[in-house]
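Presented below is the structure to which this report refers.
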Amino acid sequence: MKLLLALCVLLPVAVQSLMFQPLDCADIYNDGSGRSGVYRIYPAGPNSGRYVYCDMDTEGGKWTVFQRRMDGTVNFYRGWEQYKNGFGHAAGEYWLGLETIHLLTLRKNYELRVDMEDFNGARVYANYTSFSISPQAINAEVDGYRLHVSGFRNGGAGDSLTHHSGQKFSTFDNDQDSWAGNCARTYMGAFWYNSCYYASPNGIYLWGAVDDKGVSWHHWKGNKYSLKSISMKMRPVSLL
């Protein structure tokens, strides 16, 4: 009898946890979890669970981090399938995946924030009030997971991303940039290259070395300074 009573008490909690399938970190925050950390989101229903890092502290929180570099422990020089599906670990360095990012931007209107730090401890950011990936494409992958950003607001970093808006994503094995060569192969990264870049957050981690293949943000440190950390994160906004 006592066991049955205990099950009856626990059952509503279990059912509630199964029913709560947050789309993003904003849903998690609004449900009462206000601490930064790793959580599970569901960008496309109950079978689409993905672990992400939620930044619940920066500028009011609710940020879903989809890219993070911090110590060089994860190799970001990877091919198309891995950038499409994601890699790394949400507790450290990782890339969430182009398909997941696209699915999120189909469900809500998002802003983008890019936080970065140099090896002297200086920190800056860039904010874009509108961010989406192939929002009107019937097949996002065929469209190249095309980047759309606008509404730049400066947090000291300068605007290095508007140059990439409208571009398809490129990897060393899927060259979709605007250059006659292969930007991803030449600069050993993967990004929405134009011809080639002002921003290269997925370049080689070089611990501050002077090299144009590093993790860089042109309008802050130039193309040849490899940053200590950079993270790209998205948060829903209301158009009302």
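- For the ring pair (Phe, Tyr, Trp, His ring centres under 6.0 Å) with F172, the lone residue among Y77, F191, Y187 that qualifies is Y77.
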Q: Determine, step by step, whether D27 and R107 satisfy the salt bridge (Lys or Arg N to Asp or Glu O under 4.0 Å) criterion, reporting the C-alpha distance in whole Å, the side-chain angles of both residues, the deciding distance to 0.1 Å, and the verdict.
A: CA-CA 12 Å; D27 286 352; R107 301 282 297 277; over 6 Å; no

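- Between F76 and F87, the ring planes lie perpendicular to each other; the angle is over 60°, past the 30° to 60° tilted range.
- With hydrophobic clusters built from ILVMFWY side chains whose heavy atoms lie under 4.5 angstrom apart, V74 shares a cluster with I101.
- Across every non-hydrogen atom of P201 and A199, the tightest pair is CD-C, 3.5 Å.
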Q. Between H218 and H163, does a side-chain contact (heavy atoms from CB on, under 4.5 Å) hold up when you go through it step by step?
A. CA-CA 11 Å; H218 176 79; H163 175 73; over 6 Å; no

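- Under the 3.5 Å distance criterion, the side-chain polar atoms of E93 are matched with a main-chain donor or acceptor of G72.
- Rounded to the nearest 0.5 angstrom, Y29 OH and R35 CZ are separated by 13.5 Å.
- Nearest heavy-atom pair, N139 versus V142, reported as atom, atom and distance to 0.1 Å: OD1-N, 3.0 Å.
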(Q) Could you go through V114 and Q67, starting from their C-alpha distance and side-chain angles, then the distance that decides it, and tell me whether this counts as side-chain contact (heavy atoms from CB on, under 4.5 Å)? (A) CA-CA 9 Å; V114 186; Q67 184 270 5; over 6 Å; no

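- S226 places no side-chain N or O within donor-acceptor distance of the main-chain N or O of G214, the cut-off being under 3.5 Å.
- For S195 (side chain) and S178 (main-chain N/O), no donor-acceptor pair under 3.5 Å exists by modelled atom type.
- Relative orientation of the H102 and Y145 rings is perpendicular, given thresholds of 30° and 60° on the angle between their planes.
- Within a 6.0 Å radius of CZ in R40, more than 12 heavy atoms belonging to other residues, nucleotides or ligands are found.
- At a threshold of 4.5 Å between non-hydrogen side-chain atoms, the residues I41 and I28 count as touching.
- Between the R235 side chain and the G61 main chain, a donor and an acceptor come within less than 3.5 Å of each other.
- The SG atom of C183 lies 9.5 Å from the OH atom of Y197; values are rounded to the nearest 0.5 Å.
- Put simply, the side chain of S200 never gets that close to the backbone of S216: no donor and acceptor are under 3.5 Å apart.
- Looking only at side-chain heavy atoms (C-beta outward), N30 and K62 come within less than 4.5 Å of each other.
- Follow the hydrophobic side-chain contacts under 4.5 Å out from M116 and you reach F119 in the same cluster.
- To the nearest 0.5 Å, atoms CD1 (I230) and CE (M70) are separated by 13.5 Å.
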Q. Under the side-chain hydrogen bond (donor to acceptor under 3.5 Å, both in side chains) criterion, do T73 and D71 qualify, and how do the steps go?
A. CA-CA 6 Å; T73 54; D71 54 20; 2.7 Å; yes

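- Among residues at least two apart or in separate chains, salt bridge (Lys or Arg N to Asp or Glu O under 4.0 Å) pairs with a member in residues 207-221 are D118-K221.
- Atom-to-atom distance recorded for L161:CG and H219:NE2 is 11.0 Å, nearest 0.5 angstrom.
- The shortest heavy-atom contact between P43 and S48 is CD-O, 3.2 Å.
- Heavy-atom minimum distance, D57 versus S36: OD2-OG, 2.7 Å.
- Side-chain contact between Q167 and N194 is present, with at least one heavy-atom pair separated by less than 4.5 Å.
- Two residues are said to be in side-chain contact when any heavy atoms from C-beta on lie closer than 4.5 Å; L104 and L23 meet this criterion.
- Placement of Y128 and L98 within a single hydrophobic cluster is found when ILVMFWY residues are connected by side-chain heavy-atom separations under 4.5 Å, directly or transitively.
- Hydrophobic clustering (ILVMFWY, side-chain heavy atoms < 4.5 Å, transitive): W207 and L227 are in one cluster.
- I204 and W192 are members of different hydrophobic clusters when ILVMFWY side chains are connected at heavy-atom separations under 4.5 Å.
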Q: Evaluate the side-chain contact (heavy atoms from CB on, under 4.5 Å) criterion for residues Y198 and H164: first the C-alpha distance (whole Å), next the side-chain angles of each, then the deciding distance (0.1 Å), finally the verdict.
A: CA-CA 8 Å; Y198 281 147; H164 298 266; 4.1 Å; yes

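- Looking only at distances, a side-chain donor or acceptor of R68 sits under 3.5 Å from a matching main-chain atom of A90.
- Within the 4.5 Å cutoff, side-chain heavy atoms of L147 are placed close to those of I133.
- Using a cut-off of 4.0 Å between Lys/Arg side-chain N and Asp/Glu carboxylate O, E111 and R153 are scored as salt-bridged.
- Within the structure, the salt bridge (Lys or Arg N to Asp or Glu O under 4.0 Å) test picks out no pair touching residues 161-183 (sequence neighbours left out).
- Contact of the Y83 side chain with the N202 side chain is registered, since non-hydrogen atoms from C-beta on lie closer than 4.5 Å.
- Atom CH2 of residue W95 and atom CZ of residue R69 lie 10.5 Å apart, to the nearest 0.5 angstrom.
- A distance-only check finds no donor-acceptor pair linking the side chain of T171 to the backbone of A190 [under 3.5 Å].
- Between T186 and W179, the closest side-chain pair of non-hydrogen atoms falls below 4.5 Å.
- Aromatic pair Y125/W63: centroids not less than 6.0 angstrom apart.
- A donor-acceptor pair under 3.5 Å is formed between the side chain of R50 and the backbone N or O of L96.
- Using a 4.5 Å cut-off on side-chain heavy atoms (C-beta onward), T105 and M234 make contact.
- Here Y110 and F66 keep their ring centres 6.0 angstrom or further from each other.
- Here the CG-NE2 distance, from L112 to H148, works out to 13.5 Å after rounding to the nearest 0.5 Å.
- With hydrogens and angles ignored, the 3.5 Å screen pairs a side-chain donor or acceptor of Y94 with a backbone N or O of Y53.
- Checking side-chain atoms of S170 against main-chain N and O of Q176 turns up a donor-acceptor pair under 3.5 Å.
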Q | Residues T100, V52; criterion side-chain contact (heavy atoms from CB on, under 4.5 Å); working and verdict | A | CA-CA 11 Å; T100 298; V52 299; over 6 Å; no

